[in-house]
4 protein chains.
Amino acid sequence: MSTETDAQVVPDERPRRGRPRDPDTEVKILGATRAILADSGMRALTVEAVAARAGVAKTTIYRRYRSRHDLALAVLVDMIRTVTAIPDLGDTRRELVQLLRGTLIVLGETLMGRVMQGLVTELASDPYLSRAFRDQVVTLRRGEVARVLERGVARGDLRPDADVALVHELLFGPVYYRLLLSGEPLEPVFADRVVDALLPGLRA
Amino acid sequence: MSTETDAQVVPDERPRRGRPRDPDTEVKILGATRAILADSGMRALTVEAVAARAGVAKTTIYRRYRSRHDLALAVLVDMIRTVTAIPDLGDTRRELVQLLRGTLIVLGETLMGRVMQGLVTELASDPYLSRAFRDQVVTLRRGEVARVLERGVARGDLRPDADVALVHELLFGPVYYRLLLSGEPLEPVFADRVVDALLPGLRA
Amino acid sequence: MSTETDAQVVPDERPRRGRPRDPDTEVKILGATRAILADSGMRALTVEAVAARAGVAKTTIYRRYRSRHDLALAVLVDMIRTVTAIPDLGDTRRELVQLLRGTLIVLGETLMGRVMQGLVTELASDPYLSRAFRDQVVTLRRGEVARVLERGVARGDLRPDADVALVHELLFGPVYYRLLLSGEPLEPVFADRVVDALLPGLRA
Amino acid sequence: MSTETDAQVVPDERPRRGRPRDPDTEVKILGATRAILADSGMRALTVEAVAARAGVAKTTIYRRYRSRHDLALAVLVDMIRTVTAIPDLGDTRRELVQLLRGTLIVLGETLMGRVMQGLVTELASDPYLSRAFRDQVVTLRRGEVARVLERGVARGDLRPDADVALVHELLFGPVYYRLLLSGEPLEPVFADRVVDALLPGLRA
DNA sequence: GACTAAGCGAGACGGTACGTCGCGTCTTAAA
DNA sequence: TTTAAGACGCGACGTACCGTCTCGCTTAGTC
């Protein structure tokens, strides 16, 4: 999925002249990207390699993605989106834990952890990718945290003035700190530890 | 400072024949590194550029540092070490805030933030650099957190069973989340927000 | 003018169904070609650039010309034809000089010199362009030399057995040698020098 | 042979620091160039192909030659130099014929004709190559013509005021006109035809 | 006081990948 | 069927740095 077209939620309605893009091309490119990431990780993810593996010209890739990082991000975002929606479990603590645990699992037990590591420098310093990640991942998570907190407040579990943005950072920051800097393992139980440390400050 | 810590800790005692290393060379290399980082950031920090700017041969650099990242880390660690030691302020909250604020300032108001961004991918994925960063930065901070918590327990402010490692992650994780992923500003007051969110869970 | 001479000679009489070719398109293409040649020379004469400048699709150009070189040749031939016909001046030497001088001026003082330089490799090695140039330029000149020599013979100035083809090569060869290889200037007086060197061998 | 280093006839005496160039590399590059030219001609002569065939990095080629054309020129010049020196044959006509015939043979019967065709556009329009060709080929030939004419004058065969530069152009111009534009064959007897056409104008 | 051994600047070298250019072919919709 | 638009595979470009490798020279201690 291109990180470029998604930004416009309103389906692009301009008349579109010239030969239309072959939708299969997109599939081949992302497939090759995933395959290379799985086989050999970010270091091996070069535009040249993706082109070769997808049986596609380099120019065709550059027409859709600005760089190998943009390509990896498309794959990463796709994966992360799937673990973010949390149903109403009737229990605020459990909901928070589940939200965090999903991320721990994706980053700790799939290739996405390695992808994230290989991507983070660009995510931090390239404005285009930075924006894409924020719009498609950070915002998503903050929204989910907001929903969980709202339900918690409605249940009378939580203080009504809890700061969503802050809670979101306190939840996810430690996870990334482990992934990127401390090297501590991303075990699922870490979700419980973090949530339990924060809840006292959030209780009604 | 070189990240080859062993060399420092046990002052190398083997007889060392041949021409000794010119101590000035080290200075020139790190000076050029800092200059390039200040002028143009991590992207421009190439071994070739450092060699040219320092008036030094590439081989001379490779004799001391494994890569441009190792070079940058040497500069980064040097800077971070200086803000970690926290004196006894008689107030646990203030001590925690000051500890975090130092990091916020170094990362938010000096070139170290950009350096960190440029380095983090390697820090996460290169075992050598990973280890160096953990030994020289993470461990240091955890130690300082431990000292602050101990004093807090001694004062009767904090629960005696507070988990140092976890607190350390909860403090610094959100800061790096901002620096690397969310793009939120590293304003000093963020230290207060984070500390205040955690303290309820730590009180005696 | 298209180099597809056949199309011109026998005015195409087949019924031609579908949308007819817009005659204006031809004009736009050649206009753009000339404009690009004048502005930036052969290096910049790409099919893509011509299409863009003419506001025409690449396919439309390929339907008429095989390549950028074919396009340039069309412009070149157009220009060269205009300077070849020499009237009877009553003086053989003057006629030869004028013939040569026309070429010197076209190649030395208009953009055609640069076009010729940019074209010559293809003219020498692409059979299609090679033939086109010979049919439309070389033959033309040889014919004009033949006419001048005939008049000279009729006047009793020249030997009746003068070799037209050879004289033609001796006249034009040095001009192209200057244009293409020696870099000497194409000054009009060069025509006199060449003619005067050859006439002793041609006199009756 | 590089077209770059030869210009300075005085053997380069500056101290030459750093690792010296491997002389074998030069040999490998030119060998590969010749092989490709022989096998497939100028169209196939790409820097990439030469690098592959010579087992050498592209950068190594670019360190010595500016382009594929420079490379081809080095080979061409090498070949042309060998046929230019004309011994005293005691007969001016025979000397001129032999001089021209050498060129006809090199251009007509070896791969150099094709190389010349593929090169001439660059020779005409790239100032660097233009200069190299003039310095190493045109000048050489003009010098040889001068020597032959001098001997002719000394023998009393030729007018003492014969214009060397002009004669040189009248001799070689027609040969290149055939090679590049008219497509007439470069048969050795053409040398006689040209010389015989010029001699009447040169006789004492 | 010559002999090693290492440090050092310089630059050659093989290599990987980059991002771009222009080619010539194709597929669409509109005219 | 022609046209404008643009997607596409392709080949090659020239460049940037990489990390390693010779060179010649310098600067020590050691024999």
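Chain naming here is simple, since letters A, B, ... match the order of the sequence lines and numbering starts at 1 in each. When reading the values below, keep in mind they use all heavy atoms of this one structure, side chains included, and skip hydrogens, waters and symmetry mates.
The two residues C:Val120 and D:Leu180 come nearest to each other via the heavy atoms CG2-CB, 4.0 Å. For A:Leu71 against A:Tyr65, the heavy-atom pair with the smallest separation is CD1-CD1, 3.4 Å.
No side-chain donor-acceptor contact under 3.5 Å links B:Ser130 to the backbone of B:Ala124. Side-chain atoms of B:Arg68 come within 3.5 Å of backbone atoms of B:Met42 as a donor-acceptor pair (strictly under, hydrogens ignored).
The distance between atom NZ of C:Lys28 and atom C1' of F:dT2, rounded to the nearest whole Å, is 12 Å. Between D:Asp24 atom CG and F:dC21 atom C1' there is a gap of 16 Å when expressed in whole angstrom units. Regarding D:Tyr65, its OH atom lies at a distance of 16 Å from the P atom of F:dC13, rounded to whole Å. What separates CG of B:Asp126 from C1' of F:dC18 is a distance of 15 Å, to the nearest Å. Counting to the nearest Å, the P atom of F:dA28 and the CZ atom of B:Arg21 are 15 Å from each other. Spacing between atom CD1 of D:Ile61 and atom C1' of E:dA12 amounts to 14 Å, rounded to whole angstrom units. Whole-Å rounding puts the D:Asp70 CG to F:dC13 C1' distance at 16 Å. The NE2 atom of B:His69 sits 15 Å away from the C1' atom of F:dG19 (whole-angstrom rounding).
Taking for each of C:Thr60 and A:Ala57 the nucleotide of DNA chain F with the nearest heavy atom, the 5'-most of the two is the partner of C:Thr60.
Checked by distance alone, D:Lys58 brings a side-chain donor or acceptor within 3.5 Å of a matching partner on the base of F:dG14.
Of the charged side-chain nitrogens involved, at least one lies within less than 4.0 Å of a carboxylate oxygen, so that B:Arg64 and B:Glu26 count as a salt-bridged pair.
Heavy-atom distances under 4.0 Å link DNA chain F to A:Gly55, A:Val56 of residues 42-56 of chain A, given in residue order.
Comparing F:dT3, E:dC13, E:dG7 by their closest approach to the side chain of B:Arg63 singles out E:dG7. If you check E:dT25, F:dT3, E:dC8 against the side chain of C:Tyr62, the one that comes closest is E:dT25.
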Let me check something: any side-chain donor-acceptor pairs from residues 49-60 of chain A under 3.5 Å, sequence neighbours excluded? List them with distances.
| residue | atom | partner | partner atom | Å |
| --- | --- | --- | --- | --- |
| A:Arg53 | NH1 | A:Asp39 | OD2 | 3.2 |
| A:Arg53 | NH2 | A:Asp39 | OD2 | 3.2 |
| A:Lys58 | NZ | A:Glu48 | OE2 | 2.8 |

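When the side-chain nitrogen and oxygen atoms of A:Arg64 are compared with OP1 and OP2 of F:dC8, one or more of them lie within a distance under 4.0 Å.
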Practice problem: Report the C-alpha distance between A:Thr121 and B:Gln117 in whole Å, list the side-chain angles of each, state the deciding distance to 0.1 Å, and finish with yes or no for side-chain contact (heavy atoms from CB on, under 4.5 Å). | Solution: CA-CA 5 Å; A:Thr121 283; B:Gln117 292 176 336; 5.8 Å; no

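With a 6.0 Å radius and a threshold of 12 heavy atoms from other residues, nucleotides or ligands, D:Arg114 has its CZ atom at or below the threshold.
Side-chain contact between C:Phe133 and C:Met116 is present, with at least one heavy-atom pair separated by less than 4.5 Å.
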Please list, pair by pair, any protein nitrogen or oxygen found under 3.5 Å from a nitrogen or oxygen in nucleotides 22-27 of chain F.
| residue | atom | partner | partner atom | Å |
| --- | --- | --- | --- | --- |
| F:dT26 | O2 | B:Arg19 | NH1 | 2.8 |

